[in-house]
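Since we're looking at a predicted model, the values are computed, not measured.
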Amino acid sequence: MSRFTGTVLAVTSALALVAGSAAAAVAAPAPGAAAEAKVAPVDWKPCNPDPSQPDPKIYDCAVYQVPLDYDHPKGETTGIAMMRRRASDPAKRIGSLFLNPGGPGGSGYLWATTTRFGKDVQDRFDLVGFDPRGVARSNPLKCFTTDEEAAGVNDRMVGVPVTRAEIAQTIDATEDYSDACSRNAGPLIEHMSTINVVRDLDRMRRAVGDSKLNFAGFSYGTLIGATYAGMYPDKVRAVIVDGNVDPNLRMHNGVEYDRQRATGFEVALTEFLKRCQIAGAPRCAFGEGDTRVKFDALRDHLRTSPVTLPDGTQVTLSSFTSQVASSLYAQRLQAPLAVSLQAIHQVLNAPAVAAQGLAAAAPAVDPAVVENAKVLAKTVPNALREALPETPYSSDDSYYGVNCQDKPYPSNPWTLANLAKPWEKESPTFGRYQAFDGPTCASWPAPARDAETFTGPWNRKTAAPVMVIGNLYDPATNYGFAQRMQRQLGNAVLVSVDVVEHCAVGRSKELNKLVTDYLVNQKAPAPGQLLKPDAEAFPPVA
């Protein structure tokens, strides 16, 4: 990764502020230090994950109570919503496989229905999905009382602010957001850090009767897996971490972590454009000509002014960047992204024709092209949540609830805003975009510097090796993070996949064979393997 020069002072100042914060770090308990405490069993009830369909009669649900504050384990509790898909072959059942999709703030409840794992895994394990504390069905952390109130704050935030006015407006809105959280979120906001999720997970593991943990965590869920391995190394049977964070960096320096995330997005974008050009048109709709030059021209135009489509719809720098970032997460979205990029390229470069009776000229663009370009006009939320529409405020605020408690940031949001320009020089598409993920945490009412957190060590030798999976061109958690995860853990093996995508389980038959063998037979994969996905982003045209 390249580093920018001439701006070291700004970055060093921000990092010094972060390094000076004093979070309440928690040491890992010594293995076998005490007999394992008994907990109440889960009270499962039959349920149907999709009431619009016939009940398959293989699912159960429960709400499991855990301490809100583990310093006061007999005090107030909070409920964890759980769903399990019972093992298909009870006679050969090994145990439960707990699943977390990441986020933070991602709902894992319906992951009990996932098809990412093969038949042998479904036969031998109960698949257990759960919403972590403060997420979706698990007493969701709510900073607002109505959707209208939330929109009044969120709509003032510009995803990729460029002008001084946009930046000031966005910073003001993040402070209003934090104020709303302080008023409305209640005591849960003080107990959202990953260490509490891991304590909940260990309670659930005991509550389902498993002597050791089987777990698969994706994206942020890899931090849950790594933290569990650090806190309870002798309780690990099989832990898979796919789409990895760098635990040590994330928990010690939120600013530098975010800068490196920006470079990861940039690397993934470069590879996407390279593969598009190699495939060429029509396999990749954007593949005619120099894809890098074309893309940079689109982005640089949007940095100074939006693109107004013939129907009046505007594509902004914020909407464009969020759509590109979102599409890099999934290989199946990349051919459609290429169609939209080519469409907006055509709009910008269409010859102008004067409308009859009017002096002004408008670009002549096929209506189908306009529709494809309009995809880039919709901003993708920076945190995807499973809305529960029966409440006046149908979202939750767990994304920042966890991030701001885990990742140390300076307390002045303008320190982060001032990093946008140098980060943009290093990562032209995503540097500014990523710089504005942190300002909310600067004014968060329960920041990492005051929170109880687990900050390592990560090198405790687990009872079984941890299976680490990393995509070479993962946009959200770059491949370097996966390499560091493997090195930081005390007993881990890294398997790599050559793909532009975030997370890999379920996308490669080769990989899933290794996953099955690891989970069922406790056979760790051979180190150093580089696998291919089952599908290409730009398959040959029939």
Side-chain angles (χ1 to χ4, degrees), residues 36-66 79-101 107-132 137-138 200-218 221 224-225 228-229 232 234-242 462-467 505-506 509 511-525:
E36 189 161 80
K38 291 184 178 181
V39 298
V42 178
D43 184 17
W44 295 110
K45 304 291 186 187
C47 62
N48 182 2
D50 184 359
S52 69
Q53 301 293 327
D55 188 349
K57 300 186 184 303
I58 57 173
Y59 292 98
D60 302 300
C61 297
V63 175
Y64 191 71
Q65 296 297 319
V66 297
I80 307 298
M82 304 171 64
M83 177 184 287
R84 75 172 175 184
R85 180 195 186 278
R86 295 189 297 278
S88 302
D89 190 344
K92 295 181 178 178
R93 179 183 176 277
I94 293 171
S96 302
L97 175 60
F98 288 87
L99 305 168
N100 180 272
S107 171
Y109 186 77
L110 291 173
W111 269 61
T113 69
T114 186
T115 58
R116 282 179 180 256
F117 299 92
K119 181 179 182 299
D120 286 347
V121 173
Q122 292 181 335
D123 284 349
R124 308 290 291 275
F125 290 91
D126 295 342
L127 301 185
V128 180
F130 65 99
D131 287 347
R137 299 166 185 80
S138 296
D200 295 344
L201 177 60
D202 191 60
R203 285 216 166 204
M204 288 186 283
R205 188 249 326 152
R206 287 179 275 162
V208 299
D210 287 1
S211 60
K212 292 189 176 181
L213 179 73
N214 301 289
F215 176 79
F218 301 83
I224 297 174
Y228 192 96
Y232 307 104
D234 57 334
K235 296 301 179 183
V236 169
R237 180 188 177 275
V239 167
I240 294 171
V241 284
D242 180 10
T462 49
V466 175
M467 183 173 180
V505 173
K509 291 185 176 68
L511 176 62
N512 271 41
K513 287 179 182 177
L514 298 179
V515 165
T516 297
D517 209 14
Y518 173 72
L519 289 173
V520 174
N521 302 315
Q522 292 187 281
K523 181 181 177 182

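Ring geometry, Trp111 versus Phe218: the interplanar angle falls from 30° to 60°, so the pair is classed tilted.
Within the 4.5 Å cutoff, side-chain heavy atoms of Phe98 are placed close to those of Met82. Annotation: side chain of Leu213 is in contact with side chain of Leu201 (closest heavy-atom distance under 4.5 Å). At a threshold of 4.5 Å between non-hydrogen side-chain atoms, the residues Arg205 and Tyr228 count as touching. With contacts defined as side-chain heavy-atom distances shorter than 4.5 Å, the pair Ser96/Asn214 does not qualify.
For the pair Thr115 and Gln122, the tightest heavy-atom approach, listed with the atom from each and the gap, is CA-NE2, 4.5 Å. Of all heavy-atom pairs spanning Arg237 and Val520, the tightest one is NH2-O, 3.5 Å. Residues Pro525 and Leu514 come closest through the heavy atom pair CB-CD1, 4.2 Å. Nearest heavy-atom pair across Cys61 and Met83 is SG-CE, 3.7 Å. In this structure, Asp234 and Lys212 approach most closely via the heavy-atom pair O-CE, 3.4 Å. Pairing each heavy atom of Val236 with each of Ala229, the nearest pair is CG2-CA, 4.2 Å.
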Cut-off 3.5 Å, no hydrogens considered: what does the side-chain donor-acceptor table look like for residues 37-47, sequence neighbours left out?
none

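We find the CD1-CZ distance between Ile80 and Arg137 to be 13.0 Å, quoted to the nearest 0.5 Å. Distance check: Lys235 NZ to Thr462 OG1 gives 14.0 Å after rounding to the nearest 0.5 Å. If you take CZ on Phe117 and CG on Asn512, they are separated by 7.5 Å, rounding to the nearest 0.5 Å. Note: Asp60 CG to Arg85 CZ = 11.5 Å, rounded to the nearest 0.5 Å. The line from CZ of Arg86 to NZ of Lys57 is 10.0 Å long, rounded to the nearest 0.5 Å. Expressed to the nearest 0.5 Å, how far CZ of Arg124 lies from CD1 of Ile94 amounts to 4.0 Å.
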Trace of the side chain to side chain contact (heavy atoms under 4.5 Å, CB included) decision for Asp126 with Val208: CA-CA 10 Å; Asp126 295 342; Val208 299; over 6 Å; no
Derivation and outcome, side chain to side chain contact (heavy atoms under 4.5 Å, CB included), residues Asn100 and Phe215: CA-CA 8 Å; Asn100 180 272; Phe215 176 79; 3.9 Å; yes
Full working for side chain to side chain contact (heavy atoms under 4.5 Å, CB included) between Ile240 and Leu519: CA-CA 9 Å; Ile240 294 171; Leu519 289 173; 3.9 Å; yes
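Residue pairs satisfying the salt bridge (charged side-chain N to carboxylate O under 4.0 Å, His left out) criterion with at least one member in residues 112-122, sequence neighbours excluded, are listed as follows: Lys119-Asp123.
Without hydrogens or angle criteria, Tyr59 side chain to Thr113 main chain gives no donor-acceptor distance under 3.5 Å. Between the Ser138 side chain and the Ala81 main chain, a donor and an acceptor come within less than 3.5 Å of each other.
Of the charged side-chain nitrogens involved, at least one lies within less than 4.0 Å of a carboxylate oxygen, so that Arg206 and Asp202 count as a salt-bridged pair.
With sequence neighbours left out, the salt bridge (Lys or Arg N to Asp or Glu O under 4.0 Å) criterion links Asp200 to Arg133.
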